[in-house]
Amino acid sequence: MKFLKRYHLKNFNFILVTFVTALSIIGIMAVGSAQKSMQGKQIFGVILGLLVMLLFSVIDYKWILRFYWILYAVNLILLLLVHFFGAEANNAVRWLDFGFIRFQPSDPTKILMILFFAQFLTKHRKKLNHPVMIMEAIALILPSLYLIYKQPNLSTTICLAALFCVLLYLGDLSYKFIGTVLAVVIPVCLIFLSLVVHSNVPFLKDYQRQRILAWLEPQKYASSTAYQQMNSIMAIGSGQLKGKGYDNNTTTSVKNGNFISEPQTDFIFAIIGEELGFIGCCIVIILLLLIIVQCIIIGLRAQDLAGQIICGGVAALIGIQSFINISVATGIFPNTGISLPFVSYGLSSIVSLFSGIGVVLNVGLQPKKYQ
């Protein structure tokens, strides 16, 4: 079988697997405390994710990348199915409902785009800094961004856009171009925030605008839009050094008092901060950082640019998503829903991230010749 090769066990990164598994176990505990009825599904998701990770770890990533246009097409088909036949929940259409399971295609989109652009950017490496090639790459990511934005799912749209920028950088985009883009983007962001405060922005829905205003002036919206975020911050602070104790029954806790909705997903970090305290928060952040570092180390030892982009892309995805989730829970960013990698509840997210780690492990099984 061409997609299977002879690997050396010494090249398998057991350290990365250990970190991912440890973080997932913390996630199972946190989800069980936040919403006991969902803990069983989370355990199933982690077990399935581990099996998927092991499967992808032995499939040659270069064989997978041969079908990069098929991966691109599959991604668009899934997102179009959501657009036309998706299931609605909480005023958003983000899921495909198969009766026995709900599937959120925007989660595997991130991994599929990493794989697609790993091959695309490798093939066009010499022409990447040409304006035409950059525009072509942007044109290829725009359909996914548009379809996810229309669900609406602004947080994932932002995450995917940021990931795309990192992938271009990993593909050897010139620093001159990066500097030019930053010189344009930073003032545009400041102008955008000014417009949000003083007038309606046509491409933002009213609830999105309200969340930005609540972020800028939390005390003014303390009883409405900023309510959940302020409670999340208070919950994390109330945990102090060691926390109130795992799965405690204190009526004033965020989970028992229903002070935030969906604590098992978007605000899972508030549960960890309240119950496990500063120490628990640090353990989660350190584990996320160690996973990112291990992905980068594997990428530095990869035998080709595609392998480097895959490892760097997965590391960036985990970093960007973690930063957004924790920033929302601590009030650094406006309230926007996105999962904390390997911790938040959600089978689509868990399995997708584990599949990404599996491909990274396969890159690690095929290091440079001199190693």
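Numbers for residues simply follow the sequence, beginning at 1. Because the structure is predicted, anything quoted here is derived from the model rather than measured.
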Pairs meeting criterion salt bridge (Lys or Arg N to Asp or Glu O under 4.0 Å) with involvement of residues 126-143, two or more places apart = none
With a 4.5 Å heavy-atom cut-off, do [X] and [Y] have their side chains touching?
| X | Y | result |
| --- | --- | --- |
| L276 | C281 | no |
| I111 | L317 | yes |
| V166 | L170 | yes |
| L128 | F120 | no |
| L361 | I357 | yes |
| F342 | F354 | yes |
| L142 | Y146 | no |
| K244 | S238 | yes |

key: Full working for side chain to side chain contact (heavy atoms under 4.5 Å, CB included) between T21 and I25   = CA-CA 6 Å; T21 304; I25 292 171; 4.1 Å; yes
Taking atom [atom1] as the centre, does [X] end up with more than 12 heavy-atom neighbours from other residues, nucleotides or ligands that are less than 6.0 angstrom away?
| X | atom1 | value |
| --- | --- | --- |
| I15 | CD1 | no |
| F278 | CZ | no |
| F67 | CZ | yes |
| K41 | NZ | no |
| Y169 | OH | no |

inquiry  = The criterion is salt bridge (Lys or Arg N to Asp or Glu O under 4.0 Å); which residues satisfy it with D97, sequence neighbours excluded?
reply    = R102
So, for [X] and [Y], which heavy atoms are closest and what is the spacing to 0.1 Å?
| X | Y | answer |
| --- | --- | --- |
| R94 | P152 | NH2-O, 2.6 Å |
| I298 | V360 | CG2-O, 3.5 Å |
| L163 | A316 | CD1-CB, 4.1 Å |
| L365 | H8 | CD2-O, 3.7 Å |
| A270 | S232 | CB-OG, 3.4 Å |
| Q229 | P334 | NE2-C, 3.8 Å |

Quick check: is [Y] connected to [X] through a chain of hydrophobic side chains (ILVMFWY, heavy atoms under 4.5 Å apart)?
| X | Y | result |
| --- | --- | --- |
| F98 | L78 | yes |
| I310 | I297 | no |
| F116 | M135 | yes |
| W95 | I77 | no |
| L16 | F14 | yes |

key: Side-chain donor/acceptor of Y72 to backbone N/O of L140, under 3.5 Å   =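 Looks like yes, one N/O pair under 3.5 Å.
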Which distance, rounded to the nearest 0.5 Å, do you find between the [atom1] of [X] and the [atom2] of [Y]?
| X | Y | atom1 | atom2 | answer |
| --- | --- | --- | --- | --- |
| S144 | L112 | OG | CG | 9.0 Å |
| I26 | M29 | CD1 | CE | 7.5 Å |
| I158 | I324 | CD1 | CD1 | 6.5 Å |
| T265 | Q35 | OG1 | CD | 10.0 Å |
| I350 | S24 | CD1 | OG | 5.5 Å |

key: Set of residues satisfying side chain to side chain donor-acceptor pair (under 3.5 Å) with respect to T156, sequence neighbours excluded   = N153
request  = List for me each residue that meets side chain to side chain donor-acceptor pair (under 3.5 Å) alongside T109, sequence neighbours excluded, and say none if there are none.
outcome  = N75
ask   = Q104 and S349: side-chain donor and acceptor closer than 3.5 Å?
value = no
query = Any side-chain donor-acceptor pair under 3.5 Å between Q366 and D60?
reply = yes
query = What about the rings of F117 and F164, do their centers lie closer together than 6.0 Å?
reply = yes
message = Just to verify, which of I272, L340, N335, I236 counts as forming a side chain to side chain contact (heavy atoms under 4.5 Å, CB included) with F267?
response =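 Among I272, L340, N335, I236, the one meeting side chain to side chain contact (heavy atoms under 4.5 Å, CB included) with F267 is N335.
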query = So among V82, L80, I148, which one has a side chain to side chain contact (heavy atoms under 4.5 Å, CB included) with P105?
reply =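 Single pass found, and it is V82.
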inquiry  = Quick test of your reading: applying ring-ring contact (aromatic ring centres under 6.0 Å, His included), list the pairs with at least one residue in residues 280-325, sequence neighbours left out, ordered by first then second residue.
reply    =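 Every pair satisfying ring-ring contact (aromatic ring centres under 6.0 Å, His included) with a residue in residues 280-325: F323-F333.
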key: Derivation of the side chain to side chain contact (heavy atoms under 4.5 Å, CB included) call for D266 and I338   = CA-CA 6 Å; D266 304 342; I338 198 166; 5.8 Å; no
For residues 288-295, tabulate all N or O donor-acceptor pairs below 3.5 Å that involve a side-chain atom, not counting sequence neighbours.
unit_1: Q294; atom_1: OE1; unit_2: N13; atom_2: ND2; d: 3.0

